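This report concerns only the one structure given below.
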There are 2 protein chains.
Amino acid sequence: MICPFCEHRKTRVVDKREGNDVKTIRRRRECLKCGRRFTTFEKIETLDLLVIKKDGRREIFDRAKLRGGIIKSCEKRPVSAGDIEKIVDESEAELRKINASEILSKKIGEMVIKRLKKLDEISYIRFASVYRQFADLSDFEKELSKLSKGLKNK
Amino acid sequence: MICPFCEHRKTRVVDKREGNDVKTIRRRRECLKCGRRFTTFEKIETLDLLVIKKDGRREIFDRAKLRGGIIKSCEKRPVSAGDIEKIVDESEAELRKINASEILSKKIGEMVIKRLKKLDEISYIRFASVYRQFADLSDFEKELSKLSKGLKNK
DNA sequence: GCTAAAGGCACAATATATTGTGGTCTAATT
DNA sequence: AATTAGACCACAATATATTGTGCCTTTAGC
């Protein structure tokens with residue numbers, strides 16, 4: 001742990017207790033160079049992200065909710081729970097990498113869509129239609145007809 | 001560290017590396033009960049708080065900025081750097097305890113003011129006038145005359 | 001102006017984390 | 001299709017953190 005005062009890279013733990021939240025660990029550390037003390041918190045990896053919905057309202061990113069939407073799109077389709085969990089995991093990781101504090105729900109939809117598309121075209125179309133990823137109705141119909149042609153050719 | 005899956009209280013560290021940010025530690029932990037693994041991050045205590053300014057604009061809470069304002073108010077007054085640091089520390093701790101994501105700058109002003117008042121009346125008046133803690137000019141004058149009477153009686 | 005709650009500090013016996021090295025896997029890139 | 005970067009995993013030797021206990025100080029609530 002780097003000292004926040006002098007940037008030195010060696011510190012020692014002086015005390016460790018449970019944080020305010022039972023799910024966090026608070027440590028008191030001391031820099032081995034400058035001797036100053038500071039506090040750190042260890043927490044489970046979280047994604048604190050405000051999702052901007054189409055109507056402009058914001059709500060906290062909810063992994064379970066995202067998963068729910070995907071499950072619905074995959075009803076009676078050959079997509080396993082494991083597949084879905086993987087899509088959620090990967091999308092969440094992608095969101096984490098972006099490191100934004102807010103994001104348009106549409107962007108999240110796109111992340112799921114690009115993964116779902118590789119797995120099952122029907123699920124993908126269902127999901128995309130819910131997330132209204134198509135600019136207008138003609139785009140949607142175009143996508144549908146492309147899909148039905150593709151299926152016939154198999 | 002509590003297991004996020006089964007809530008068990010015993011986990012072991014399986015791996016520990018530097019986080020993306022050099023200032024964080026990433027640990028991979030394993031629950032001793034259910035065996036599932038998860039990731040945690042240890043970071044230096046921070047205060048991520050949006051300060052709502054009088055004109056409605058928001059900006060990230062900045063400890064150095066707050067300290068600067070206090071220093072200005074204490075110019076040529078018998079208030080030590082240590083005193084000021086203590087006021088900043090305590091106010092910051094108070095803000096942390098509130099645990100809000102946004103706060104009116106006025107509220108922060110009040111926290112500083114109640115501490116500064118105990119230390120030095122002149123500094124307090126200067127600081128309060130900058131933060132416009134008085135509803136109108138008459139309040140300000142009232143405060144000033146109270147103060148000057150108090151000083152004469154000593 | 002008392003009391004409780006929280007954070008900070010210290011210490012000593014014990015248990016656990018850390019470090020380096022290196023392999024695997026996947027996603028993104030070229 | 002090959003390459004790179006990041007996360008994950010494993011292991012073994014070493015160094016460090018953790019736990020309990022208890023005391024002090026400060027702030028908040030009565």
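All figures in this text were calculated on a predicted structure; none of them were measured in a lab. Chain naming here is simple, since letters A, B, ... match the order of the sequence lines and numbering starts at 1 in each.
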A:Arg36 has an atom CZ; how far is it from atom P of C:dG8, in whole Å? 17 Å
In whole Å, I'd like the distance from the NZ atom of B:Lys16 to the C1' atom of D:dC9. 17 Å
Closest approach to the side chain of A:Val13, judged atom by atom: which nucleotide of C:dT18, D:dA7, D:dA17 is it? D:dA17
Can you measure A:Arg96 atom CZ to C:dA27 atom P for me and round it to whole angstrom units? 16 Å
Mark yes when over 12 heavy atoms from residues, nucleotides or ligands other than B:Lys53 sit less than 6.0 Å from its NZ; otherwise mark no. yes
Is B:Arg67 salt-bridged to B:Asp62, cutoff N-O under 4.0 Å? no
Any chance you could lay out the salt bridge (charged side-chain N to carboxylate O under 4.0 Å, His left out) test for B:Glu121 and B:Arg77, step after step, and finish with the verdict? CA-CA 10 Å; B:Glu121 297 259 14; B:Arg77 297 297 310 159; over 6 Å; no
Grab the CE-P distance between B:Met1 and C:dT16 for me, whole Å please. 16 Å
If each of B:Thr11 and A:Arg26 is mapped to the nucleotide of DNA chain C with the nearest heavy atom, which maps nearer the 5' terminus, i.e. the 5' end? A:Arg26
Please answer: with hydrophobic residues joined when any side-chain heavy atoms are less than 4.5 Å apart, are B:Ile44 and B:Leu47 in the same cluster? no
Over how many whole Å does the gap from B:Asn20 atom CG to D:dA5 atom C1' extend? 11 Å
Roughly how far, to the nearest 0.5 Å, is CZ of B:Phe38 from SG of B:Cys31? 7.0 Å
Establish, with yes or no, whether the OP1 or OP2 oxygen of D:dA10 is under 4.0 angstrom from a side-chain nitrogen or oxygen of B:Arg37. yes
Results of side chain to side chain donor-acceptor pair (under 3.5 Å) for A:Lys10 - residues two or more places apart only: none
Sequence-aligned protein contact record of nucleotides 21-30 of chain D, with B where the base is within under 4.0 Å of a protein heavy atom and S where only the sugar-phosphate is: B-----S---
Which residue lies toward the 5' end of DNA chain D, B:Thr39 or A:Leu32, if each is placed at its nearest nucleotide? B:Thr39
Report all interatomic pairs (protein N or O, nucleotide N or O of nucleotides 13-15 of chain D) with separations under 3.5 Å.
none

Does a salt bridge link A:Asp55 with A:Arg57, judged by any charged N lying under 4.0 Å from a carboxylate O? yes
Nearest-angstrom distance from the residue atom CZ of B:Phe38 to P of D:dA7: 18 Å
Rounded to whole angstroms, how far apart are NZ on A:Lys10 and P on D:dA17? 10 Å
For residues B:Ser105 and B:Ile108, determine if any side-chain heavy atom of one lies less than 4.5 Å from a side-chain heavy atom of the other. no
For B:Arg12 and D:dC11, give me the distance from atom CZ to atom P, rounded to whole Å. 9 Å
Checking B:Arg9 side chain against B:Glu7 main chain: does a donor-acceptor pair fall under 3.5 Å? no
OP1 or OP2 of D:dC9 sitting under 4.0 Å from any side-chain N/O of B:Arg28? yes
Between B:Arg27 and C:dA17, is there a contact of a side-chain N or O with OP1 or OP2 at under 4.0 Å? no
